[in-house]
Amino acid sequence: MMSSIFQRLFAGLNIFRFTQFARQNSIFSLVRLPVAGAFIASLCLSLLFSSCTANNGNNNTTSANNSNQPKTSVVKFGYQKSAILLKSKGVLEKRLQPQGVSVQWIEFPAGPQLLEAMNVGSIDFGHTGESPPIFAQAAGASLTYIAGIAPSPAGQAILVPPDSPIKTVTDLKGKKIAFQKGSSAHYLLVQVLEKFGLKYSDIQPIYLPPADARAALVKGSLDAWVIWDPFYAAAQKAINARVLIDGTEVNKQGGYYLASRKFATENPEIIKSILEEIKTLEDWSDKHRDEVASTLSPVLGIDLETMQKATQRKKFGVVPIDSNLIAIQQKVADKFYELKLIPKQIDVKEAMLSPEQYAAFSPKL
């Protein structure tokens, strides 16, 4: 019993350390989770007493649980506007309702904020670009990769004001460039600079979430902005932002669906249902792009023409986790460590599940 208690105490302390790292490195700028020393102390005491109470109670109910039954009645699903179609269609609710499971949707401005919430238990499942899990793992977050997202290199770009004197990537030297730290935009910028012979230290990084970055670009406080769709398409239309370069020439990496390790190991049947519904919707979306755009336009408050542009640039699809995907993601991690943007070198395999667990989610992925 004491071993279990101390494991839970250390889990609480890990939450504190992760959040402190995140704040010190300006990774998360919009979601503020009130974790402080006093809170952690009270949390640890609560865990201590609840553990003692639980162990003194009747434990016979544990053996009655079927290992195939869901261990949760609510899936807390974190999402970004770039993938709001899944929420809009309501397919997960219909699929999980017979299992007695409901879905709670929580929106985030970008992947880093989403994974901070996952680490502290505010969400169970979500999707990000390739970079946020690297920063989260380096900060000690408990998460695991569930499936890959097909890359959409044309859906990311470096934008500049329409009258900017910046004409080529080399003109970015010494300039103020905004992006969400630890996001896919961050890695796109790293790749672009490297391709054109610039160092990361040659530019002035300005860490801002999408809404703040757009406002700063309009105000004239920035020289460039690295962003993804639908924010990218909206900026082209609304503020006439000019594309300096998109990700087509450099970005071959997609994003990921992720879950907390606890949720992934305890609820394989739920994850299988989620992935099957995502794959079905992705296959449908690929063949019905105009319908996707017309569905998302009023939901996102983006005009239909702009939404159609973003939808046409997107590549739909779910990709299974395999050795090739792991190797690609490790290169991302190594690059961020080389640039001293994460505090330690990480092995992405430590955030992966076993081949048998992946096969159990959906053999047909």
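The shown structure was predicted, so the numbers you read here are calculated from the model rather than taken from an experiment.
Side-chain contact, D334 with Q330: a donor N or O sits under 3.5 Å from an acceptor N or O. With hydrogens and angles left out, the side-chain atoms of T280 and D283 include no donor and acceptor closer than 3.5 Å. Between Q113 and Q180, the side chains place a donor N or O and an acceptor N or O closer than 3.5 Å (distance only, hydrogens not considered). No donor-acceptor contact under 3.5 angstrom links the side chains of S102 and Q97, judged on distance only. A donor atom on one side chain and an acceptor atom on the other are not found under 3.5 Å apart for E266 and T72. Inspection of the Q329 and Q253 side chains reveals an N or O donor paired with an N or O acceptor under 3.5 Å. With hydrogens and angles left out, the side-chain atoms of S354 and Q357 include a donor and acceptor closer than 3.5 Å.
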With side chain to side chain contact (heavy atoms under 4.5 Å, CB included) as the test, would you mind laying out the steps for W225 and L208 before giving the verdict? CA-CA 9 Å; W225 176 27; L208 293 173; over 6 Å; no
Please lay out, stage by stage, how F125 and L258 fare under the test side chain to side chain contact (heavy atoms under 4.5 Å, CB included). CA-CA 6 Å; F125 196 95; L258 302 110; over 6 Å; no
Verdict with reasoning, E338 to K335, per salt bridge (charged side-chain N to carboxylate O under 4.0 Å, His left out): CA-CA 5 Å; E338 176 188 323; K335 176 56 65 174; 3.4 Å; yes
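Each of V192, V190, L189 was evaluated against V250; a single residue qualifies, V192, per the side-chain contact (heavy atoms from CB on, under 4.5 Å) test. For the side-chain contact (heavy atoms from CB on, under 4.5 Å) test with I123, the passing option among F108, F263, W105, Y79 is F108; the others fail.
Minimum heavy-atom separation, S131 to Y187: OG-CB, 3.2 Å. In terms of heavy-atom proximity, P133 sits nearest to T128 at CD-OG1, 3.4 Å. Considering all non-hydrogen atoms of both residues, M307 and P230 come closest at CE-CB, 4.2 Å. The two residues Y232 and A157 have their closest heavy-atom pair at CZ-CB, 3.5 Å. Nearest heavy-atom pair, L353 versus Y358, reported as atom, atom and distance to 0.1 Å: N-OH, 3.1 Å. Residues I342 and A333 come closest through the heavy atom pair CD1-O, 3.7 Å.
The closest donor-acceptor contact from the side chain of R261 to the backbone of T144 lies at 3.5 Å or more, if one exists at all. In terms of modelled atom types and a separation under 3.5 Å, the side chain of K76 and the main chain of G121 share a donor-acceptor contact. Side-chain atoms of D212 do not come within 3.5 Å of backbone N or O of P209 as any donor-acceptor pair. Q204 places no side-chain N or O within donor-acceptor distance of the main-chain N or O of K176, the cut-off being under 3.5 Å. The backbone N or O of S164 sits less than 3.5 Å from a side-chain atom of R242, completing a donor-acceptor pair. Remark: the backbone N or O of L188 is not paired with any side-chain donor or acceptor of Q156 at under 3.5 angstrom. In terms of modelled atom types and a separation under 3.5 Å, the side chain of S297 and the main chain of A293 share no donor-acceptor contact. Between the D303 side chain and the T306 main chain, a donor and an acceptor come within less than 3.5 Å of each other. Side chain of D171 to main chain of T168: a donor-acceptor pair is present (N/O by atom type, distance under 3.5 Å, no hydrogens or angles).
More than 12 non-hydrogen atoms from other residues, nucleotides or ligands lie less than 6.0 angstrom from NZ of K167. In the displayed structure, K173 atom NZ is contacted under 6.0 Å by at most 12 heavy atoms of other residues, nucleotides or ligands. The 12-atom threshold is exceeded at NZ of K175, counting heavy atoms of other residues, nucleotides or ligands nearer than 6.0 Å. Around the CD atom of E305, the shell of radius 6.0 Å holds no more than 12 heavy atoms that belong to other residues, nucleotides or ligands.
Once rounded to the nearest 0.5 Å, the distance linking OH of Y256 with CG of L325 reads 3.5 Å. Remark: I146 CD1 to L143 CG distance equals 9.5 Å, nearest 0.5 Å.
The aromatic rings of F336 and H186 sit perpendicular to each other, their planes meeting at more than 60°, with 30° as the lower class boundary. The aromatic rings of W228 and F231 sit perpendicular, their planes meeting at an angle over 60°, well past the 30° parallel limit. Ring geometry for Y207 against F179 counts as perpendicular: the plane angle is over 60°, on a 0 to 90° scale with 30° as the lower cut.
The residues E107 and K87 are annotated as not salt-bridged, no charged nitrogen and carboxylate oxygen being separated by less than 4.0 angstrom. With respect to E276 and R95, a salt bridge is recorded, a charged nitrogen being found less than 4.0 Å from a carboxylate O.
Contact annotation: the side chain of F316 approaches that of R289 to within less than 4.5 Å [non-hydrogen atoms, C-beta and beyond]. Side-chain contact between E249 and Q191: absent, with no pair of heavy atoms (C-beta onward) separated by less than 4.5 Å. In this structure, L296 and I302 have side chains that are not in contact, with every pair of non-hydrogen atoms separated by 4.5 Å or more. Contact of the L85 side chain with the V292 side chain is registered, since non-hydrogen atoms from C-beta on lie closer than 4.5 Å.
Residues Y257 and V319 fall within the same hydrophobic cluster, defined by Ile, Leu, Val, Met, Phe, Trp and Tyr side chains chained together at heavy-atom separations under 4.5 Å.
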